[in-house]
Amino acid sequence: MTSNLKIVAVGSGKGGVGKSLLCTNMAIAMALSGMKVVLVDTDYGASNLHALLGISNPKFGLKDIFQQKNLDPEDFLLNTGIDNLKFMSGSGDLPGSANLNEEQLSRVHNLVRALDADMAFLDLAPGNAFANMDLFNLADDQVVVCTPEMTSAMNTLSFIKTGLFRKISEEFSDDREIHDVTDYSRHLGSEEEIFEINRLRMKVLDKDKDALARLNSVIRNYRPHLVLNRVRKKKDLAMGDNIIQLSKKYLEVETRFSGYLVESDRVHDSVDEMIPFLIKDPQSPPSQNVQKIVGALTQMDIHLVKKDDAIYVSKQVKLTAGWGS
Ligand SMILES: Nc1ncnc2c1ncn2[C@@H]1O[C@H](COP(=O)(O)OP(=O)(O)OP(=O)(O)O)[C@@H](O)[C@H]1O
Ligand SMILES: [Mg+2]
């Protein structure tokens with residue numbers, strides 16, 4: 001097992017904003033650059049990542065993940081036809097499959113953690129249900145996808161907020177008082193629920209300085225990447241700035257703007273054709289956008305070029321910083 005596994009989760013507050021497309025093409029870019037990558041479909045209620053990869057009927061899916069308990073995680077991994085890229089499908093028409101129980105969720109977490117790979121890309125279901133947020137928070141790099149629309153931006157902020165408070169309540173799992181006031185799942189509507197950072201800090205300060213240091217460290221280390229999709233004009237990028245400013249102001253979260261993806265027929269057509277746009281033309285505008293986004297995540301400059309039906313890669317480590325900084 002490679003202990004250097006880096007987990008990247010791609011989530012969003014609103015559905016249909018381009019998570020699966022971005023996640024698939026990012027995973028492909030990293031695989032083509034020579035990393036051993038696993039793409040994981042965790043949208044169990046509406047799994048369709050296999051279709052984006054051109055796989056009509058995945059041989060292993062949801063049922064196998066939960067029923068075949070003694071299989072090695074490797075056994076679930078499907079070939080994608082792309083060098084270095086394996087795929088773990090969540091497909092399967094099981095009624096209620098969006099509502100996994102705790103045991104099933106913990107099995108998914110364990111499977112992901114045990115992957116023998118350099119990187120795992122998790123394509124999440126939309127929205128801020130806890131099962132989803134827990135996968136988001138499992139990742140080393142957390143990518144939240146948003147479009148320039150106001151509704152998407154509002155849901156993005158609430159997604160970041162839920163993720164942060166989930167992380168805080170987990171950090172304080174040994175401290176009933178703080179855990180309970182930050183745990184949305186209780187949602188008692190009581191005055192004791194605190195979902196504002198300043199009030200929470202006062203409450204924690206009442207306890208002791210160590211607790212305050214712990215709280216500050218969770219907030220400081222919670223630094224999701226923001227990717228804006230379906231960008232049509234330069235003005236659309238302002239929505240990225242707004243989200244970053246608002247998450248800083250109200251949540252004290254340093255969201256990082258990690259790139260954008262243009263609105264493009266090539267992206268749209270890639271779904272119907274079941275061919276990832278990065279494979280079809282690595283130099284098209286959306287493909288170049290993806291290369292920039294993975295560059296922001298990994299601190300590497302990656303350039304892909306297609307010649308005589310083969311894809312060639314050049315990559316260079318940026319000198320300024322390490323992974324995920
Ligand atoms: N940059 C883009 N240009 C054009 N169309 C796009 C772009 N991004 C997404 N789309 C369209 O949006 C659709 C939804 O994309 P995708 O399935 O990746 O979203 P999602 O966030 O994973 O959805 P869900 O929340 O249902 O999982 C695509 O099928 C495609 O038609
Ligand atoms: Mg999706």
Side-chain angles (χ1 to χ4, degrees), residues 2 4-12 17-44 47-55 58 60-61 73-74 76-91 108 111-125 135-136 138-145 225 227 229 258-259 261 266-267 270-271 273-282 284 286-304 306 311 313 315 323-324:
T2 315
N4 290 331
L5 174 72
K6 292 287 173 197
I7 303 173
V8 180
V10 180
S12 71
V17 295
K19 292 178 296 300
S20 299
L21 281 161
L22 176 69
C23 195
T24 305
N25 285 278
M26 285 203 297
I28 293 171
M30 291 318 298
L32 291 174
S33 82
M35 295 255 187
K36 199 173 164 189
V37 179
V38 179
L39 179 59
V40 187
D41 188 349
T42 68
D43 188 356
Y44 297 113
S47 132
N48 54 22
L49 206 54
H50 51 284
L52 299 185
L53 287 166
I55 302 171
F60 285 101
E74 286 290 303
F76 300 119
L77 301 185
L78 301 168
N79 289 324
T80 60
I82 297 165
D83 281 350
N84 300 319
L85 181 66
K86 299 265 188 174
F87 172 54
M88 190 186 285
S89 171
S91 72
V108 172
L111 276 176
V112 169
R113 282 205 204 90
L115 286 170
D116 179 17
D118 298 314
M119 292 181 83
F121 281 85
L122 314 185
D123 177 35
L124 303 191
L135 280 167
F136 189 70
L138 177 74
D140 301 289
D141 271 291
Q142 302 162 300
V143 179
V144 53
V145 184
H225 296 267
V227 171
N229 185 21
S258 295
L261 205 55
R266 293 173 193 255
V267 178
S270 76
V271 179
E273 292 168 358
M274 294 172 83
I275 304 173
F277 57 86
L278 196 82
I279 295 285
K280 196 155 176 207
D281 181 1
S284 67
S287 298
Q288 292 198 10
N289 294 155
V290 168
Q291 288 163 66
K292 279 219 167 125
I293 295 165
V294 293
L297 256 69
T298 61
Q299 302 299 323
M300 267 193 294
D301 278 325
I302 293 171
H303 295 284
L304 300 168
K306 195 167 183 177
I311 296 177
V313 59
K315 66 174 176 183
W323 171 281

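Predicted model only: the values in this text are computed from it and were never measured.
- Side-chain atoms of Lys19 do not come within 3.5 Å of backbone N or O of Ala125 as any donor-acceptor pair.
- For the atom pair CG of Asp141 and NE2 of His225, the computed distance is 3.5 Å after rounding to the nearest 0.5 Å.
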Derivation and outcome, side chain to side chain contact (heavy atoms under 4.5 Å, CB included), residues Val108 and Leu111:
CA-CA 5 Å; Val108 172; Leu111 276 176; 5.7 Å; no

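- Taking all atoms of both residues into account, the shortest heavy-atom contact from Lys315 to Ser33 is NZ-O, 2.8 Å.
- Between Ile311 atom CD1 and Leu278 atom CG the span is 6.5 Å, to the nearest 0.5 Å.
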*Output, in order, the C-alpha distance, side-chain angles, deciding distance and verdict of side chain to side chain contact (heavy atoms under 4.5 Å, CB included) for Met30 and Ile302.*
CA-CA 9 Å; Met30 291 318 298; Ile302 293 171; 3.9 Å; yes

Exercise for review: Given side chain to side chain contact (heavy atoms under 4.5 Å, CB included), test Leu304 with Gln291 step by step and report yes or no.
Suggested key: CA-CA 8 Å; Leu304 300 168; Gln291 288 163 66; 3.9 Å; yes

(request) Dump the intermediate steps for side chain to side chain contact (heavy atoms under 4.5 Å, CB included) on Asn289 and Val227, then the final yes or no. (result) CA-CA 10 Å; Asn289 294 155; Val227 171; over 6 Å; no

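- A heavy-atom distance below 4.5 Å is not found between the side chains of Leu122 and Phe136.
- For the side-chain hydrogen bond (donor to acceptor under 3.5 Å, both in side chains) condition, the pairs that include at least one residue of residues 80-89, sequence neighbours left out, are Asn79-Lys86, Ser89-Ser91.
- When all heavy atoms of Ser12 and Val144 are compared, the closest pair comes out as CA-CG2, 4.2 Å.
- Under a 3.5 Å cut-off, the side chain of Asp118 and the backbone N or O of Met35 do not form any donor-acceptor pair.
- Within 6.0 Å of the NZ atom in Lys292, the count of heavy atoms belonging to other residues, nucleotides or ligands does not exceed 12.
- Under the 3.5 Å distance criterion, the side-chain polar atoms of Ser258 are left unmatched by any main-chain donor or acceptor of Ala296.
- Under the 4.5 Å side-chain criterion, counting only non-hydrogen atoms from C-beta, Val143 is in contact with Leu22.
- In this structure Thr24 satisfies the side chain to side chain donor-acceptor pair (under 3.5 Å) test with no other residue, sequence neighbours excluded.
- Annotation: side chain of Met119 is not in contact with side chain of Met26 (no heavy-atom distance under 4.5 Å).
- The shortest distance between side-chain heavy atoms of Val145 and Val17 falls below 4.5 Å.
- To the nearest 0.5 Å, atom CG of residue Asp123 and atom CE of residue Met88 are 13.5 Å apart.
- Within the 3.5 Å criterion, the main-chain N or O of Val267 finds a donor-acceptor partner in the side chain of Ser270.
- Distance check, rounded to the nearest 0.5 Å: CG of Leu135 to CD1 of Ile7 gives 9.5 Å.
- Residues Arg113 and Leu5 approach most closely at O-CD2, 3.8 Å, considering heavy atoms.
- The distance from atom OG of Ser20 to atom CG of Leu52, rounded to the nearest 0.5 Å, is 6.0 Å.
- Here the CD1-CD1 distance, from Ile28 to Ile82, works out to 4.0 Å after rounding to the nearest 0.5 Å.
- Exactly one of Leu49, Val38, Leu39 qualifies for a side chain to side chain contact (heavy atoms under 4.5 Å, CB included) with Phe121. That residue is Leu39.
- Within the 4.5 Å cutoff, the side chain of Leu261 has heavy atoms near those of the Val290 side chain.
- When all heavy atoms are compared, the tightest approach of Phe76 to Phe60 is O-CB, 4.1 Å.
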